[in-house]
Amino acid sequence: MTDFVLLFRQPDLKHSKASASELQGLKKKWEDWVGGIAAQGRFKDQGIRLAAEGKVLRAGGVVTDGPFVEIREMLGSFIVVQAESLEDATTLAHGCPALDTGGSVEIRPFYG
């Protein structure tokens, strides 16, 4: 088995008009989805949810508000899973709740 990181990109939900019950439902979807991966024994490590604010440092010492203010998606969090291949890891990413809110999942292996 190889370790893969699943990076979750989502629209900025800070200004979302979702109700508390809708947000609670989304939280439950995340718990169920990650729980399903864990039940298969393929959940390796819980990532930490990232704050929306930050800075981006670019070459030449240029610092801008970030992260990635020029795009509509932001990196929200990540997890590490174990899979047989990139295709297998991609299959694990299907059903991710980020996809329900207009987000995406980036699947990447670690250099080993």
Side-chain angles (χ1 to χ4, degrees):
M1 289 278 217
T2 303
D3 291 348
F4 292 84
V5 64
L6 304 184
L7 301 162
F8 308 119
R9 298 191 193 300
Q10 294 185 225
D12 184 359
L13 298 177
K14 184 170 44 174
H15 304 302
S16 171
K17 294 182 178 20
S19 69
S21 65
E22 289 171 325
L23 292 175
Q24 187 63 30
L26 184 58
K27 180 182 175 196
K28 173 90 169 84
K29 282 184 180 182
W30 277 98
E31 291 168 351
D32 291 347
W33 178 70
V34 172
I37 293 171
Q40 298 174 47
R42 299 170 75 182
F43 181 79
K44 176 81 182 228
D45 195 13
Q46 176 70 40
I48 299 171
R49 186 171 177 210
L50 303 172
E53 65 276 354
K55 298 285 183 184
V56 175
L57 173 63
R58 301 193 189 282
V62 176
V63 178
T64 59
D65 287 333
F68 311 110
V69 294
E70 65 276 4
I71 61 175
R72 68 175 191 86
E73 291 182 324
M74 57 185 272
L75 181 60
S77 62
F78 65 92
I79 62 172
V80 179
V81 299
Q82 292 183 320
E84 294 293 332
S85 65
L86 181 58
E87 291 74 22
D88 187 33
T90 302
T91 298
L92 285 176
H94 284 271
C96 175
L99 302 172
D100 295 342
T101 58
S104 62
V105 182
E106 182 177 336
I107 303 101
R108 298 183 66 179
F110 288 98
Y111 278 120

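Only a predicted model underlies this, so the values are computations on that prediction, with no experimental measurement involved. Start at 1 with the first residue, then count along the sequence.
At a threshold of 4.5 Å between side-chain heavy atoms, the hydrophobic network of Ile, Leu, Val, Met, Phe, Trp and Tyr places Met1 and Leu92 in two separate groups.
The two residues Ala83 and Ala89 make their nearest non-hydrogen contact at CB-N, 3.6 Å. Closest heavy-atom contact between Ile79 and Val81: CD1-CG1, 3.8 Å. Contact detail for Pro97 and Leu26: the closest heavy-atom pair is CB-CD1, 3.9 Å. Ala93 and Leu99 get closest at one heavy-atom pair: O-CD1, 4.2 Å. Nearest heavy atoms, Arg9 versus Ala98: O-CB, 4.2 Å.
The CD atom of Glu84 sits 9.0 Å away from atom CZ of Phe4, with the distance rounded to the nearest 0.5 Å. Taking CG of Asp45 as the start and CZ of Phe78 as the end, the distance is 7.0 Å to the nearest 0.5 Å. In this structure, NZ in Lys28 is found 16.0 Å from CG in Leu23, a value given to the nearest 0.5 Å. Separation of atoms CZ (Arg108) and CG (Leu86) is listed at 10.5 Å; rounding is to 0.5 Å.
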Check against side chain to side chain contact (heavy atoms under 4.5 Å, CB included), Val80 and Phe110: CA-CA 10 Å; Val80 179; Phe110 288 98; 3.8 Å; yes
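Not counting sequence neighbours, the partners of Phe8 by the ring pair (Phe, Tyr, Trp, His ring centres under 6.0 Å) test are Trp30, Trp33.
Applying the salt bridge (charged side-chain N to carboxylate O under 4.0 Å, His left out) test to pairs two or more places apart or on separate chains, those with a residue in residues 95-104 are Lys29-Asp100.
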Using residues 35-42 as the side-chain source, report each donor-acceptor pair under 3.5 Å to any protein atom, sequence neighbours left out, with the distance given to one decimal.
unit_1 : atom_1 : unit_2 : atom_2 : d
Gln40  : OE1    : Arg42  : NH1    : 3.2
Gln40  : NE2    : Gly36  : O      : 3.4
Arg42  : NE     : Gln82  : O      : 3.3
Arg42  : NH2    : Asp88  : OD1    : 2.8
Arg42  : NH2    : Asp88  : OD2    : 2.2

